[in-house]
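Letters go in sequence order (proteins before strands), and every chain restarts at 1.
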There are 2 protein chains.
Amino acid sequence: MTSRKPKSENSIVDIARALGISPATVSRALNDNSRISEATRMRVKEMAKEMGYRHNSMASSLRNRRSNIIGLIVPRISMYFHAYFITSLQRQLQAAGYNLMICQSNDSVKLEKELANSLYSARVDALVVSLALYTEDISHFDGFLQQGIPLVFYDRVPTVETGAYVIKGDDYRGGLLAGNHLMQAGCRQMAYISGPLSCSIYQERTRGFVDALAKHGIALREDWVFHQELTAENAWNSLRKLFKGKHIPDGLFAANDTTAIAAVEFARERQIPIPDKLKIIGYSNDPRTSIITPPITSVEQYPSEMADKVADTLVGALQRQGSAVTRLGEPLVCPVDLVRRMTT
Amino acid sequence: MTSRKPKSENSIVDIARALGISPATVSRALNDNSRISEATRMRVKEMAKEMGYRHNSMASSLRNRRSNIIGLIVPRISMYFHAYFITSLQRQLQAAGYNLMICQSNDSVKLEKELANSLYSARVDALVVSLALYTEDISHFDGFLQQGIPLVFYDRVPTVETGAYVIKGDDYRGGLLAGNHLMQAGCRQMAYISGPLSCSIYQERTRGFVDALAKHGIALREDWVFHQELTAENAWNSLRKLFKGKHIPDGLFAANDTTAIAAVEFARERQIPIPDKLKIIGYSNDPRTSIITPPITSVEQYPSEMADKVADTLVGALQRQGSAVTRLGEPLVCPVDLVRRMTT
DNA sequence: TTGTATGCGTTATCAC
DNA sequence: GTGATAACGCATACAA
């Protein structure tokens, strides 16, 4: 290889010059444009490789007015459900030629806003969001809607009507399943540890659970219901309250698995026999639920399947971009299932 | 708001026109350039907001020849160590004004190559990589080195010398700790289930473990050593082999926690008392190890601290870009600790 | 099938 | 302190 002057980097113009043809032809050849002779296409590609050419997607994006980047805002990457959702989503989008820019709001409304703005400026072609725990005002996503940038909410979705796509789990049914299952298992003194009602999924799980009990003529004691961040520490505090008196619950619906796990550990410490004296159901079917002793009954959410639906929606919306009408349709509701284990 | 012709989107040129000033001034005002009057700065920002202007980072990136995007290739986002590493890394980089483009190789060498090329074309400003299980040839990262794009390997790093930054856990010491601890606990019949030796971390853990035993005059039986993908299924198969005869191990070093967990479950099924008849150590201090019964002794890797070092290295390298010499220095080795629980 | 010319939106350089 | 201008690299409309 001859020593070349260390100019910035080879562009299609350099290739064109080296080949004595026009940059336009090079561009077409590299993009496998139809109106180009097989011979030049080959010559160009060969020279491109030889010169160490790499496509500049910044220039390309600017010219095409699309970045081929899709933004994702997720509360926490470390949550089982989201980790598997992301894995699946990324595979799909990669296959469709998109890169994913993954950001974590860390369940902070403030950070979620910043990320939304940042991704907005980064000119993502679309945005996928699962909301932070206390996000109620969603005006920080308005820009996307106004600009006609596809916006998809999944799992934790807004509780108000928006112009965005919505793909959610059937949390109402999840709550219903949990309630029915505990009833059938003979529980009558129910406790419920849930996330805050600012968050769609906990609203729905609560509604489903309450409805299930109501059908059997059971009501929840108000002081046995908790709405809080579902950390292990909060769970322990609530459990201590639940079990401090003489009158104690015989069934617990935990709206996530971290809480259910804490409950099993709490019961172990207090020597409360499970499932004999206390039955427990979690939510998400986190792998940890099957590892602990006793393994915990939980509600499966099928994260991969949800990711597939999000990807389909997204790719569809991106293809339709610009074409006449973009009809949104109803929120897509994904099925859930009860996975029965030894705590019920 | 008056109805405006629906042209594509407002640029600084539009703002300039609306204000009767030049685009250059607008740009300077928006970037808080020093040589601009406070008055114009305010006027410009106000108008920008009013016109719904958003910065176009594609144009900006093209002009500046930097994308402000940092690429990350990770084997699996769902592994505890990586999930926490990513969380920390992202926080740091966000603060430094960079966006992170996270990709999963899914432990496939082929996919890793594709992702490297894709991120290369995407013109990331830097690349952070933890290698796939069987990656030995790392020539797909050569482009980054040649272009002087900062390249940082962490955790699973190349086993050969490269021009890249290397930040790794002290896996040799991890293996050593595990070996010493099992010896002190009285084990003499050691089994070892490890990942493939193509992968730096398993090479080192193996070396440390073997050295620890050797110091006590103990050698590993060859048929009690496994090098394989560390899935639960593979673990079960190996465990069946280990415990099929009369002569069985009394100590097991599992090079990841998934394997250690499988071992505990296997022992439970076979009614092998832990730690009396069999002692087990895992690696990574995955939260699952503290949930299972009995909780598993494991090696903590401090993912957040490693992420901090990667971020520092990265930001430093990016700032030095272009300036005379870029000295790499030795690989950075991060500390590990043994977390003692009930399996030893 | 190929070439010419232009513009995507921003910012750096130079001039005033 | 501000303006005019050019250039980043690519892809298209139009011409040939």
Side-chain angles (χ1 to χ4, degrees), chain A residues 7-45 47-48 51-69 97 120-125 147 321-322, chain B residues 7-45 47-48 51-69 97 120-125 147 321-322:
Chain A
K7 55 156 305 192
S8 72
E9 203 165 331
N10 287 323
S11 72
I12 56 171
V13 179
D14 299 306
I15 298 179
R17 194 156 28 216
L19 250 37
I21 60 179
S22 89
T25 306
V26 174
S27 172
R28 284 190 272 252
L30 291 173
N31 290 318
D32 288 322
N33 188 304
S34 52
R35 313 196 313 246
I36 207 89
S37 80
E38 194 55 35
T40 24
R41 190 202 315 282
M42 304 264 279
R43 283 208 312 147
V44 167
K45 291 200 171 174
M47 178 57 82
M51 295 176 68
Y53 168 79
R54 60 173 173 148
H55 178 78
N56 187 325
S57 36
M58 277 135 64
S60 178
S61 293
L62 177 59
R63 175 67 232 240
N64 295 325
R65 295 146 159 274
R66 55 205 300 275
S67 63
N68 271 20
I69 297 175
Y120 184 64
S121 283
R123 289 282 207 285
V124 292
D125 287 347
Q147 295 297 338
Q321 279 231 301
Chain B
K7 54 158 306 194
S8 72
E9 203 165 330
N10 287 324
S11 73
I12 55 172
V13 179
D14 298 306
I15 298 180
R17 194 155 30 216
L19 251 39
I21 60 179
S22 91
T25 307
V26 174
S27 173
R28 282 190 275 251
L30 291 173
N31 290 318
D32 287 324
N33 188 304
S34 53
R35 311 196 313 249
I36 206 90
S37 78
E38 193 56 35
T40 26
R41 190 202 314 283
M42 304 265 279
R43 283 208 312 146
V44 167
K45 290 201 172 174
M47 179 57 82
M51 294 176 68
Y53 167 81
R54 59 173 176 150
H55 179 76
N56 188 326
S57 36
M58 277 133 65
S60 178
S61 294
L62 176 60
R63 178 66 232 240
N64 295 327
R65 295 142 158 276
R66 55 206 302 275
S67 63
N68 271 20
I69 297 176
Y120 185 63
S121 283
R123 291 286 210 279
V124 292
D125 287 347
Q147 296 297 338
Q321 278 233 301

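- Straight-line distance from the CZ atom of A:Arg17 to the P atom of C:dT2: 20 Å, rounded to whole Å.
- Regarding B:Leu19, its CG atom lies at a distance of 13 Å from the C1' atom of D:dT2, rounded to whole Å.
- Side-chain nitrogen and oxygen atoms of A:Ser37 include at least one within less than 4.0 Å of the OP1 or OP2 phosphate oxygen of C:dT2.
- Counting any heavy atom pair closer than 4.0 Å across all strands shown, B:Ile36 reaches sugar-phosphate atoms only and no base atom.
- Among the protein residues, A:Ser61 comes within range of no part of the nucleic acid, since none of its heavy atoms lies under 4.0 Å from any strand.
- Residues B:Val13 and B:Arg17 meet the side-chain proximity criterion, which asks for heavy atoms closer than 4.5 Å.
- Distances shown here put a side-chain N or O of B:Asn31 below 4.0 Å from the OP1 or OP2 atom of C:dT11.
- Between the CG atom of B:Asn33 and the P atom of D:dG3 there is a distance of 13 Å, rounded to whole Å.
- With B:Val26 as reference, B:Ile12 is the one residue of B:Asp14, B:Ile36, B:Ile12 to meet the side-chain contact (heavy atoms from CB on, under 4.5 Å) rule.
- Residue B:Ile12 is in base contact, counting any heavy-atom pair closer than 4.0 Å across all strands shown.
- Contact detail for B:Tyr120 and B:Gln147: the closest heavy-atom pair is OH-CG, 3.3 Å.
- Across all strands, B:Ser27 comes closer than 4.0 Å to base atoms (heavy-atom distances).
- With rounding to whole Å, B:Asp32 atom CG is found 15 Å from D:dG1 atom C1'.
- Looking at A:Arg123, its side chain never comes within 3.5 Å of a backbone N or O of A:Ile69 through a donor-acceptor pair.
- Between A:His55 and B:Val26, the residue anchored closer to the 5' end of DNA chain D is B:Val26, taking for each the nucleotide with the nearest heavy atom.
- Among the protein residues, A:Thr40 comes within range of the sugar-phosphate backbone only, with heavy atoms under 4.0 Å from sugar or phosphate atoms but none that close to a base.
- When each of B:Ala59 and B:Ala24 is assigned the nucleotide of DNA chain C with its nearest heavy atom, B:Ala59 is the one assigned upstream, toward the 5' end.
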Please step through side-chain contact (heavy atoms from CB on, under 4.5 Å) for the pair B:Ile21 and B:Val44, ending with a clear verdict. CA-CA 10 Å; B:Ile21 60 179; B:Val44 167; 3.8 Å; yes
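- For the pair A:Leu62 CG and D:dA11 C1', the interatomic distance rounds to 11 Å; values are reported in whole Å.
- Phosphate contact (OP1/OP2 of D:dG3, side-chain N/O of B:Ser22, threshold under 4.0 Å): present.
- As a whole-Å value, the separation of A:Ile15 CD1 from C:dG3 P is 14 Å.
- An OP1 or OP2 oxygen of D:dG9 is reached within less than 4.0 angstrom by a side-chain nitrogen or oxygen of B:Arg65.
- Between the base of C:dG9 and the side chain of A:Arg123 there is no donor-acceptor pair shorter than 3.5 Å.
- Donor-acceptor pairing under 3.5 Å, judged by distance alone, is absent between the side chain of A:Arg63 and the base of C:dG9.
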